[in-house]
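Below: one structure, written as structure tokens.
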Amino acid sequence: MPATRINPTFFWLLIFAINLMMVLPFTRIEYPLVDTAEAIYHAKLLVLGRIPYKEIFSHHFLGYLAPYVFVEKILGFTPLVLWGLTICVNFINAVLVFLILAKISSLHAARIGAALIATIGWFPQWQGFSLNVQATLMPYNYAFILALVCADKSRSSRWLGGAGILFGVMICADIREVFFGLAALPLLLSERNQILKKTITFVSSAALVPGVALAYLWSHDALGDWYFQTILYPFLFRNKGISAPASTLWELYSTGAMRQLPEVLLALCATVLVWKSNCPPAYRALLLCLLVAGLCASAIGGRAFYNYLLFLGPWILLSVASSVGDTGGTHVSQRLLRLAPVAVISLTLIGGPIRIWVETGELRPSGSYNLPARTAGRFIERHTTPESSILVWGYYPQLYLYSNRFSRFRALEQLSFTGGNFESRKFSQQGIVPAMTQNFKSCLLEFPPQYIVRYKVRSTEPFKNCSTGGRATPNLDYERIPHLAYFRKFVRDNYRLVRNYSYRCEVVRIYALNPESELRPKIAPLQQICASPMKLASR
């Protein structure tokens, strides 16, 4: 099908405008998910000079924070900046997909691909609008695929080396990205007499960035912390309480697919169409590799969190765009038949914000979202100095952002010393890291927080009423768990309730350090924190 002449400036302005419109309804929630809030919190700490892993506890590879750190340095994160970055990330994805499809398919397919990124590519039921870990990784993935395509087209070792460097960056950003190395196999195996040379070029290039990162961690005595937090902790502690891994994976794929069922069905049909078409075998193999990589990367998390399925995004969007756009030699009716379901789904998604505007009269309905946390944050900021430390009990990092205050304890994910798993209904000690428990106890005495903020979700309230992504986690209810008696006593003996905010299913209680307590807040530079749990474990 010959490409219709479209003004490029108008086209890209339209793509950006659709991106903006699609995200507007979500901006009523300032920090949409705890994962996003944690990323911003850690970025702020890195800008302050804290050393990754050694002075920050996270089961994630922290390389994915690079864009967050850059934005924090230049602009400083606010809710407006966050949503602006979210739109820009998706727009970058659209440009990269356009370039990929322009090289392997047609200009028509490239335009369709960019349009799909702006509509289907948000994957709202998989939380793609939230700029969580998986959404942040997507530009790396598309840039990697583009480099592979350019290397295949030009037969250039420079492009292959560039793809290797990008792959190394992806691994540093998140270990699950290692599966996307499968996408390089069709290129590496395309010429038998060049397999060894290409493999050496790709692997040696891919080792550069991880090598530099490991050297940095070694020079800062953080290599042991990195290994424990990102390798041992997730597999030996965090996921230990999962009694049925097979059923967890089944729930992830079955229920997760149902949440984005039209897009998944489109991708399956598109893959069949591409496979039966006359497109190059290397591209068919690439799509298959992207499907396998997405399934494996989403499975390794060990939990049925549907945002993991964002790893399937490249397979879905590239297969659908190429099957719809590359229709040379097919009848007009067949072209329309392919385009119709894609257009219906895209227009339905675009219609969501329009429906909200018609019903509410606003493109960005305000509502009382995050109200308890925002109110509590303003109170703490007024009554503390920037050097004051606080502790948020309950996994809700948004409270640190609203109050613009930090904890001296390195871990926001309190499962490392409370035990149990998300949404567990029994108080299990599975998953507890003894060194982290010792670290937390010593931190309470060394840096007693000026305020302890308890975030809680009423488990009796329907989850749909919880607008902030909070979870009812009984395993964090220190009043009911026997092995948290020490923390219960610490709060009772040294703190008093000063504020209690509630709205819908959320409750925020603020406890202030009692003037009669023997403990005194320690004023110290924000970089000063409690000793590393790795050092405690080695004693």
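The model shown is predicted, which means the values in this text are computed figures rather than measured ones.
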- Within-4.5 Å side-chain heavy-atom neighbours: Leu101 and Ile104: yes

- Message: Whether Arg176 engages the ring of Tyr308 as a cation-pi pair (distance to the six-membered ring centre under 6.0 angstrom, angle to the ring normal within 45°) should be assessed.
- Response: yes

- Residues Trp250, Thr255; criterion side-chain hydrogen bond (donor to acceptor under 3.5 Å, both in side chains); working and verdict: CA-CA 8 Å; Trp250 172 248; Thr255 309; over 6 Å; no

- Task: Report the relative orientation of the aromatic rings in Phe129 and Phe26; use parallel for angles under 30°, tilted for 30 to 60°, perpendicular for over 60°.
- Result: parallel

- If the plane angle is over 60° it's perpendicular, under 30° parallel, otherwise tilted; pick one for Phe167 and Phe144. parallel

- Task: Take the angle between the ring planes of Tyr41 and Phe406 and call it parallel below 30°, perpendicular above 60°, tilted in between.
- Result: tilted

- Query: Side chains of Leu217 and Asp225: closer than 4.5 Å at any heavy-atom pair?
  - Reply: no

- Message: If I compare all heavy atoms of Trp159 with all of Cys150, which pair ends up nearest, and what's the gap?
- Response: CD2-CB, 3.4 Å

- Is Ser346 reaching over with its side chain to a backbone N or O of Ala343, donor-acceptor style, under 3.5 angstrom? no

- Item | Heavy-atom closest contact (Tyr396 atom, Ala373 atom, distance) | CE2-CB, 3.6 Å

- Task: Test Leu317 against every option in Asn93, Leu116, Ile100, Ile112 by the side-chain contact (heavy atoms from CB on, under 4.5 Å) rule and name the one that passes.
- Result: Leu116

- Query: Backbone N or O of Val23 within a donor-acceptor pair of the Trp83 side chain at under 3.5 Å?
  - Reply: no

- Rounded distance (nearest 0.5 Å) linking atom CG of Leu166 with atom CD1 of Ile171: 11.5 Å

- Query: Looking only at heavy atoms, which two atoms of Ile300 and Ala297 are closest? And how far apart?
  - Reply: CG2-O, 3.3 Å

- Message: Is it the case that atom CZ in Phe11 sees more than 12 heavy atoms from other parts of the structure closer than 6.0 Å?
- Response: yes

- Sub-3.5 Å donor-acceptor pair from the side chain of Arg50 to the main-chain atoms of Leu45, do we have one? no

- Query: Between Thr119 (side chain) and Ala115 (backbone), is there a donor-acceptor pair under 3.5 Å?
  - Reply: yes

- Atom OG of Ser323 and atom CG of Leu266: how far apart are they, to the nearest 0.5 Å? 8.0 Å

- Heavy-atom donor-acceptor pair, Ser105 side chain to Ala102 backbone, under 3.5 Å: no

- Message: Any heavy-atom pair between the side chains of Val392 and Ser407 that's under 4.5 Å?
- Response: no

- Item | Short side-chain to backbone donor-acceptor contact, Glu38 and Pro397, under 3.5 Å | no

- Query: Looking at Tyr31 versus Tyr402, is the centre-to-centre ring distance below 6.0 Å?
  - Reply: yes

- Measuring from Leu131:CG to Ile40:CD1, what's the distance to the nearest 0.5 Å? 8.0 Å

- Message: Please determine whether side-chain hydrogen bond (donor to acceptor under 3.5 Å, both in side chains) holds for the pair Tyr283 and Ser322, giving the CA-CA distance in whole Å, both sets of side-chain angles, and the decisive distance to 0.1 Å.
- Response: CA-CA 10 Å; Tyr283 180 54; Ser322 57; 3.1 Å; yes

- Where Ile117 and Asn19 come nearest, the two heavy atoms and their spacing: O-OD1, 4.4 Å

- Do the non-hydrogen side-chain atoms of Glu191 and Arg155 ever get within less than 4.5 Å of each other? yes

- Item | Minimum-distance pair of heavy atoms, taken over all atoms of Gln260 and Phe123 | OE1-C, 3.1 Å

- Would you please classify the geometry between the His220 ring and the Tyr216 ring as parallel, tilted or perpendicular, with 30° and 60° separating the classes? tilted

- Chi angles and distances behind the side-chain contact (heavy atoms from CB on, under 4.5 Å) call for Tyr68, Phe77: CA-CA 8 Å; Tyr68 289 89; Phe77 264 103; 3.6 Å; yes

- Message: Could you tell me if the side chain of Val133 sits less than 4.5 Å from the side chain of Tyr64, heavy atoms only?
- Response: yes

- Might you work through the side-chain contact (heavy atoms from CB on, under 4.5 Å) test for Glu177 and Leu137, ending with a clear yes or no? CA-CA 9 Å; Glu177 292 281 73; Leu137 297 172; 3.8 Å; yes

- Query: Hey, what's the ring geometry for Phe180 with Phe311, parallel, tilted or perpendicular (30° and 60° as the breaks)?
  - Reply: tilted

- Task: Check step by step if side-chain hydrogen bond (donor to acceptor under 3.5 Å, both in side chains) holds for Ser157 and Lys198.
- Result: CA-CA 8 Å; Ser157 59; Lys198 287 182 176 181; over 6 Å; no

- Query: Say you draw a straight line from CG of Leu82 to CG of Leu75; how long is it, rounded to the nearest 0.5 Å?
  - Reply: 12.0 Å

- Note on the structure: Rounding to 0.5 Å, atoms CG (Asn141) and CD (Gln134) come to a distance of 10.5 Å

- So which heavy atom on Ile354 is nearest to which on Met21, and how close? CG1-SD, 4.4 Å

- Does the side chain of Trp218 reach to within under 4.5 Å of the side chain of Leu214, using non-hydrogen atoms? no

- Item | Non-hydrogen side-chain atoms of Leu290 and Ile145 separated by less than 4.5 Å | yes

- Intermediate values then yes/no, side-chain contact (heavy atoms from CB on, under 4.5 Å), Ser58 and His42: CA-CA 9 Å; Ser58 175; His42 284 155; 4.1 Å; yes

- Message: For Leu295 and Tyr253: C-alpha separation, side-chain torsions, deciding distance, then whether side-chain contact (heavy atoms from CB on, under 4.5 Å) applies.
- Response: CA-CA 9 Å; Leu295 291 173; Tyr253 292 134; 3.7 Å; yes

- Could you give the distance from CG (Leu146) to CG (Leu96), rounded to the nearest 0.5 Å? 6.5 Å

- Task: Kindly indicate whether the side chain of Cys172, heavy atoms from C-beta on, has any atom under 4.5 Å from the side chain of Phe61.
- Result: no

- Message: Strictly distance-based, threshold 3.5 Å: is any side-chain N or O of Ser205 a donor or acceptor partner for the main-chain N or O of Thr201?
- Response: yes

- Near Trp275 CH2, under 6.0 Å, is it more than 12 heavy atoms from other residues, nucleotides or ligands? yes

- Message: Determine whether Thr230 and Tyr53 satisfy the following criterion, side-chain hydrogen bond (donor to acceptor under 3.5 Å, both in side chains), listing intermediate values before the conclusion.
- Response: CA-CA 9 Å; Thr230 59; Tyr53 308 109; 5.7 Å; no

